[in-house]
Novice: 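My questions all concern the structure below.
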Amino acid sequence: MRVYGGCIEPGGYELENERVTAPCPDCGKPARHHHFERAEGSLNRYHTIDCDHCGHESGYDFLMP
Ligand SMILES: [Zn+2]
């Protein structure tokens, strides 16, 4: 019998991953908001915003090293 990894996935638990359209904090026009969670030792929640109208981007600090 071969065992992969040492992780046990919590049964039936789904990480939040929701994309919604909501007003841009800069220009107030519809922007793409993305709410999601990542399991990185602990569960971290993120909220990113992309606006096609004014180019606003925020919430991407987690991409930094
Ligand atoms: Zn905007």
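We're numbering straight along the sequence, starting at 1. All values derive from a computational prediction rather than experimental measurement. Read the numbers this way: they start at 1 and go in the same order the structure lists the ligands and their atoms.
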Novice: Where the side chain of E37 meets the backbone of E16, is there a donor-acceptor pair that is under 3.5 Å apart?
Specialist: yes
Novice: Can you check whether D52 reaches R32 side chain to side chain, under 4.5 Å on heavy atoms?
Specialist: yes
Novice: I'd like to check the side-chain hydrogen bond (donor to acceptor under 3.5 Å, both in side chains) partners of H56; sequence neighbours left out, ordered by chain and number.
Specialist: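 With neighbours one apart ignored, the set is D26, S58.
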Novice: Please report the shortest heavy-atom distance between C24 and C27, naming the atom on each side.
Specialist: SG-N, 3.4 Å
Novice: Under 2.8 Å from the Zn ion (ligand 1), which protein atoms of type N, O or S occur, listed by chain and number?
Specialist: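 The answer, once waters are left aside, is C24 SG, C27 SG, C51 SG, C54 SG.
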Novice: Examine L15 and F62 and state if one hydrophobic cluster contains both, with Ile, Leu, Val, Met, Phe, Trp and Tyr joined whenever side-chain heavy atoms are less than 4.5 Å apart.
Specialist: no
Novice: Check whether any side-chain heavy atom of Y46 lies under 4.5 Å from a side-chain heavy atom of D61, and answer yes or no.
Specialist: no
